[in-house]
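All remarks here apply to the structure that follows.
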Amino acid sequence: MKRAIYPGSFDPVTFGHLDVIRRSSKMCDELIVGVLNNNSKTPLFNVQNRVKMLEDVIQDIPNVKVIAFDGLLVDFAKKMNANVIIRGLRAVTDFEYELQMSQTNRVLDSEIETIFLCTTLEYSYLNSSTVKEVAFHGGDISKFVPEEIKSLVYQKVEELKENSNE
């Protein structure tokens with residue numbers, strides 16, 4: 001059985017992430033979407049919320065599981081018995097960073113392969129930071145995230161704004 005991991009922060013999950021999840025789920029028997037709990041960043045949503053959001057929007061894809069992790073990706077891959085990492089590429093700048101990470105992971109564990117999927121042109125500009133920025137300024141994010149995620153993002157942004165005014 002071929003098991004792959006698609007890791008990321010998913011803060012929040014976007015249509016671009018969903019595109020990579022749907023496409024890569026067809027390339028393996030089981031796809032684990034690994035939600036990184038990165039202590040060096042301050043995400044908009046905590047890891048449990050990000051896992052729940054992903055579970056809600058991928059429930060129609062039977063061979064996909066969502067699992068939170070922290071630490072090294074190669075350690076998570078070993079723990080999950082996966083030997084393939086899926087990474088999405090939007091631009092050349094993504095490739096440079098992802099190539100370095102792929103090579104580092106390969107040095108750490110020579111059994112792990114990285115597969116790069118180019119995003120569809122429709123989502124090549126999109127990232128979670130853009131979604132958050134647009135939402136913070138009251139812009140329409142409906143073309144960036146699923147409907148059920150959109151309301152959660154706006155709600156969280158309003159909470160942050162209220163907390164910063166106190």
Side-chain angles (χ1 to χ4, degrees), residues 1-39 41-90 94 98 101 105 112-136 139-160:
M1 178 166 166
K2 190 59 94 176
R3 184 174 290 142
I5 294 178
Y6 175 44
S9 296
F10 307 103
D11 184 42
V13 59
T14 68
F15 286 133
H17 293 132
L18 290 174
D19 175 60
V20 172
I21 291 169
R22 289 188 188 289
R23 290 169 48 217
S24 59
S25 72
K26 295 174 186 173
M27 299 167 48
C28 55
D29 297 318
E30 183 178 40
L31 178 67
I32 297 169
V33 177
V35 181
L36 179 61
N37 186 20
N38 187 342
N39 293 328
K41 289 186 176 182
T42 306
L44 184 61
F45 294 97
N46 67 36
V47 71
Q48 294 87 0
N49 291 139
R50 290 179 277 143
V51 166
K52 174 78 170 95
M53 285 188 284
L54 276 156
E55 288 173 339
D56 289 347
V57 297
I58 59 95
Q59 59 186 326
D60 64 319
I61 314 171
N63 66 328
V64 177
K65 289 183 184 175
V66 182
I67 301 174
F69 78 100
D70 55 14
L72 294 176
L73 178 56
V74 292
D75 292 339
F76 179 61
K78 284 181 203 174
K79 182 179 175 184
M80 295 293 106
N81 196 27
N83 61 351
V84 174
I85 296 170
I86 307 286
R87 297 300 295 158
L89 298 176
R90 294 173 303 228
D94 285 348
E98 294 296 344
M101 292 307 301
N105 289 338
I112 295 180
E113 296 290 345
T114 300
I115 296 175
F116 298 116
L117 283 182
C118 295
T119 59
T120 57
L121 189 57
E122 181 180 7
Y123 304 118
S124 62
Y125 66 92
L126 185 57
N127 62 45
S128 295
S129 296
T130 300
V131 173
K132 290 182 277 195
E133 185 72 16
V134 171
F136 267 100
D140 181 9
I141 60 171
S142 61
K143 293 182 181 170
F144 307 148
V145 298
E147 188 64 31
E148 56 267 46
I149 304 301
K150 181 176 87 169
S151 60
L152 296 171
V153 172
Y154 286 133
Q155 179 181 349
K156 192 61 140 174
V157 165
E158 284 307 310
E159 288 173 18
L160 290 174

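Atoms considered below: every heavy atom in the structure, side chains included; atoms not considered: hydrogens, waters and symmetry mates.
Closest approach of Tyr154 to Gly139, counting heavy atoms only: OH-O, 2.5 Å. When all heavy atoms of Ala82 and Ile112 are compared, the pair lying nearest together is O-CG1, 4.4 Å. Across all their heavy atoms, Ala77 and Ile5 have their closest contact at CA-CD1, 3.4 Å.
Gln59 contributes a side-chain N or O that, together with a main-chain N or O of Asp56, makes up a donor-acceptor pair within less than 3.5 Å. Looking at Asn63, its side chain never comes within 3.5 Å of a backbone N or O of Leu31 through a donor-acceptor pair. Side chain of Asp29 to backbone of Lys2: a donor-acceptor contact under 3.5 angstrom is found. Judged by distance alone, with hydrogens and angles left aside, the side-chain atoms of Thr119 form no donor-acceptor pair with the main-chain N or O of Gly16 at under 3.5 Å. Side chain of Arg50 to main chain of Leu36: a donor-acceptor pair is present (N/O by atom type, distance under 3.5 Å, no hydrogens or angles). Side chain of Ser24 to backbone of Val20: a donor-acceptor contact under 3.5 angstrom is found.
Atom OG of Ser124 and atom CG of Leu89 lie 12.0 Å apart (nearest 0.5 Å). Of the inter-residue distances, the one linking Met53 atom CE with Gln48 atom CD reads 11.0 Å to the nearest 0.5 angstrom. Rounding to the nearest 0.5 Å places CG of Asn83 at 10.5 Å from SG of Cys28. A distance of 11.0 Å separates OG of Ser25 from CG of Leu18, quoted to the nearest 0.5 Å. Annotation: the span from Lys156 atom NZ to Lys132 atom NZ amounts to 11.5 Å, rounded to 0.5 Å.
For the side chain to side chain contact (heavy atoms under 4.5 Å, CB included) with Ser128, the lone residue among Val153, Val145, Leu44, Thr14 that qualifies is Thr14. For the side chain to side chain contact (heavy atoms under 4.5 Å, CB included) criterion with Leu54, the lone passing option out of Asn49, Val35, Val64 is Val35.
Looking at Pro146 and Phe15, their side chains come closer than 4.5 Å, going by heavy atoms from C-beta outward. Annotation: side chain of Val51 is in contact with side chain of Glu55 (closest heavy-atom distance under 4.5 Å). Glu113 is not listed as a side-chain neighbour of Ile85, based on a closest heavy-atom distance of 4.5 Å or more. Residues Ile67 and Met80 meet the side-chain proximity criterion, which asks for heavy atoms closer than 4.5 Å. Considering only heavy atoms from C-beta on, Arg22 comes within 4.5 Å of Asp60 through its side chain. Contact of the Lys65 side chain with the Ile58 side chain is not registered, since no non-hydrogen atoms from C-beta on lie closer than 4.5 Å. Residues Leu126 and Val131 have side chains in contact (heavy-atom distance under 4.5 Å, counting atoms from C-beta outward). Side-chain contact check for Asp140 versus Val134: every heavy-atom pair is 4.5 Å or farther apart.
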Check step by step if side chain to side chain contact (heavy atoms under 4.5 Å, CB included) holds for Phe76 and Asp70. CA-CA 8 Å; Phe76 179 61; Asp70 55 14; over 6 Å; no
Walk me through it: do Phe116 and Ile86 pass the test side chain to side chain contact (heavy atoms under 4.5 Å, CB included)? CA-CA 6 Å; Phe116 298 116; Ile86 307 286; over 6 Å; no
Any chance you could lay out the side chain to side chain contact (heavy atoms under 4.5 Å, CB included) test for Arg87 and Leu117, step after step, and finish with the verdict? CA-CA 6 Å; Arg87 297 300 295 158; Leu117 283 182; over 6 Å; no
I'd like to know whether Lys79 forms a salt bridge (Lys or Arg N to Asp or Glu O under 4.0 Å) with Asp75, so could you lay out the CA-CA distance, the side-chain angles of the two residues, the decisive distance to 0.1 Å, and finally the verdict. CA-CA 6 Å; Lys79 182 179 175 184; Asp75 292 339; over 6 Å; no
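Qualifying salt bridge (Lys or Arg N to Asp or Glu O under 4.0 Å) partners for Glu122, counting only residues two or more places apart in sequence or in other chains: none. Taking Ser151 as the reference, nothing meets the side chain to side chain contact (heavy atoms under 4.5 Å, CB included) condition, with sequence neighbours excluded. Here Tyr123 pairs with nothing under the ring-ring contact (aromatic ring centres under 6.0 Å, His included) rule; sequence neighbours left out. Judged as a side chain to side chain contact (heavy atoms under 4.5 Å, CB included), and not counting sequence neighbours, the contacts of Tyr125 are Phe144.
If you check the side chains of Asp11 and Ser9, you find no donor sitting under 3.5 Å from an acceptor.
For the ring-ring contact (aromatic ring centres under 6.0 Å, His included) condition, no pair includes a residue of residues 43-62, sequence neighbours left out. The list of ring-ring contact (aromatic ring centres under 6.0 Å, His included) pairs with a residue in residues 46-67, not counting sequence neighbours, is empty.
Ring planes of Phe10 and His17: perpendicular class, angle over 60° (limits at 30 and 60°).
Here Lys150 pairs with Glu147 in a salt bridge; the nearest charged N to carboxylate O distance falls below 4.0 Å.
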